[in-house]
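This report refers to the structure that appears directly beneath it.
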Amino acid sequence: MGLAELLGTYGQNYLDGLLATWSMTAVSFVFVMALAVLVTVARVSPVAPLRGLGELYVQVFRNIPGVALLIIVAYALPQLRVVLDWRTCVIVTVVLLGSAFGSENFMSGINTIGVGQIEAARSVGLTFTQILRHIVIPQALRTTVLPMTNLLIAVMLTTALGSQVPLAPQELTGVVSYVNTRATGGILAFLISALGYVLTAFVISFVGNRIDRRVRILR
């Protein structure tokens, strides 16, 4: 099957798959950022149990394969009477994985903040929460734009886990399986999906670089 015939027959499927990938990426990344901030706050907390819990979270979800985690979320949680739809299962899996790496990015950003700034904040009577809100988190966000841009791309690629469950509509990788079970799409079917990922990643990188140049902290 040639390119024209493939797009003529399954073009709408590819478009729906691209939109589904974008949608899951956007939703997942919002929760990845929020959870990464919470985990990072726990890791720098003066409360030892919270620090230990934050470190444990990162070590567990940074080192577990995505497919294994998806199986746990999709097929083991129902045994505990926690039943999620397929799309939510994929998003939860992506969020758990991405937030662990996002927390590592934030920790790298926090490590760039001078100790003198923290000591100065303490000397004027700021609380731990105020130091985080006014000094630590804003600077960490500005210094981790490029790492978080890479994380956003990784989140997009991780949504390909959706091909392992019966999503409706399917994401880009799932569309390839759909096409190849109904026609002889061959490598061309994969290349079309790959092009969708590559072009999206290019746009994300371009925007991320522009944002980084605007907010970068010059030292």
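The structure displayed is predicted, hence computed values, not measured ones. Count residues from 1 along the sequence.
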Could you tell me whether the side chain of [Y] reaches within less than 4.5 Å of the side chain of [X], counting heavy atoms only?
| X | Y | answer |
| --- | --- | --- |
| Ile135 | Leu126 | yes |
| Phe106 | Val39 | no |
| Leu151 | Thr144 | no |
| Leu70 | Tyr75 | no |
| Ile72 | Ile64 | yes |

(request) Only counting residues at least two apart or in another chain, list the ones meeting side chain to side chain donor-acceptor pair (under 3.5 Å) with Ser103. (result)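 If we apply the side chain to side chain donor-acceptor pair (under 3.5 Å) test to Ser103, skipping adjacent residues, the hits are Thr40, Arg43.
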
Check: [X] side chain, [Y] main-chain N or O, donor-acceptor pair, under 3.5 Å:
| X | Y | answer |
| --- | --- | --- |
| Thr143 | Ala140 | yes |
| Ser45 | Val41 | no |
| Thr127 | Gln130 | yes |
| Ser23 | Ala20 | no |
| Thr159 | Met156 | yes |

Going by atom type alone, with no hydrogens or angles, which donor-acceptor pairs under 3.5 Å involve a side-chain atom of residues 166-176 and a protein atom two or more places apart or on another chain?
unit_1: Glu171; atom_1: OE1; unit_2: Thr173; atom_2: N; d: 2.9
unit_1: Glu171; atom_1: OE1; unit_2: Tyr197; atom_2: OH; d: 3.3
unit_1: Glu171; atom_1: OE2; unit_2: Ser163; atom_2: N; d: 3.1
unit_1: Glu171; atom_1: OE2; unit_2: Gly174; atom_2: N; d: 2.6
unit_1: Thr173; atom_1: OG1; unit_2: Tyr197; atom_2: OH; d: 2.7

Mind checking whether [X] and [Y] sit in one hydrophobic cluster, side chains of I, L, V, M, F, W, Y counted as touching below 4.5 Å?
| X | Y | answer |
| --- | --- | --- |
| Leu53 | Leu96 | no |
| Leu38 | Met148 | no |
| Val165 | Val67 | yes |
| Val32 | Met107 | yes |
| Leu15 | Leu199 | no |

Atom pair [atom1] ([X]) and [atom2] ([Y]), whose distance is rounded to the nearest 0.5 Å:
| X | Y | atom1 | atom2 | answer |
| --- | --- | --- | --- | --- |
| Arg133 | Ile131 | CZ | CD1 | 11.0 Å |
| Ile204 | Leu152 | CD1 | CG | 4.0 Å |
| Ile71 | Cys89 | CD1 | SG | 12.0 Å |
| Leu191 | Leu6 | CG | CG | 10.0 Å |
| Asn13 | Leu18 | CG | CG | 12.5 Å |
| Ile192 | Leu188 | CD1 | CG | 4.5 Å |

(request) Kindly check if the number of other-residue, nucleotide or ligand heavy atoms within 6.0 Å of CZ (Arg62) is above 12? (result)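 Yes.
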
(message) If you count every heavy atom of other residues, nucleotides or ligands that lies below 6.0 Å from Arg122 atom CZ, does the total exceed 12?
(response)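 Open: at most 12 neighbouring heavy atoms sit under 6.0 Å from CZ of Arg122.
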
(message) Less than 6.0 angstrom separating the ring centers of Trp22 and Phe29, yes or no?
(response)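 When the ring centroids of Trp22 and Phe29 are compared, they turn out to be at least 6.0 Å apart.
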
(request) Assess the pair Tyr57 and Phe61: is the distance between their ring centroids shorter than 6.0 Å? (result)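 Centroid separation for Tyr57 and Phe61: below 6.0 Å.
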
(request) Apply the side chain to side chain contact (heavy atoms under 4.5 Å, CB included) test between Val73 and each candidate in Leu84, Val82, Val90; give the one that qualifies. (result)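 The single option meeting the side chain to side chain contact (heavy atoms under 4.5 Å, CB included) with Val73 is Leu84.
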
Return the minimal non-hydrogen interatomic distance between [X] and [Y], and the atom names on each side.
| X | Y | result |
| --- | --- | --- |
| Asn105 | Pro147 | ND2-O, 3.5 Å |
| Gly54 | Ala42 | CA-CB, 4.4 Å |
| Gly66 | Leu97 | CA-CD1, 3.6 Å |
| Asn180 | Ala189 | OD1-CB, 3.9 Å |

(message) Pair Val44, Leu132 - check side chain to side chain contact (heavy atoms under 4.5 Å, CB included), show working.
(response) CA-CA 10 Å; Val44 299; Leu132 284 178; 4.1 Å; yes

(message) Walk me through whether Asn209 and Thr149 qualify under side chain to side chain contact (heavy atoms under 4.5 Å, CB included).
(response) CA-CA 8 Å; Asn209 285 326; Thr149 298; over 6 Å; no

(request) On the 0 to 90° scale, with breaks at 30° and 60°, tag the Phe206-Phe202 ring pair as parallel, tilted or perpendicular. (result)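 Parallel: the ring planes of Phe206 and Phe202 meet at under 30°.
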
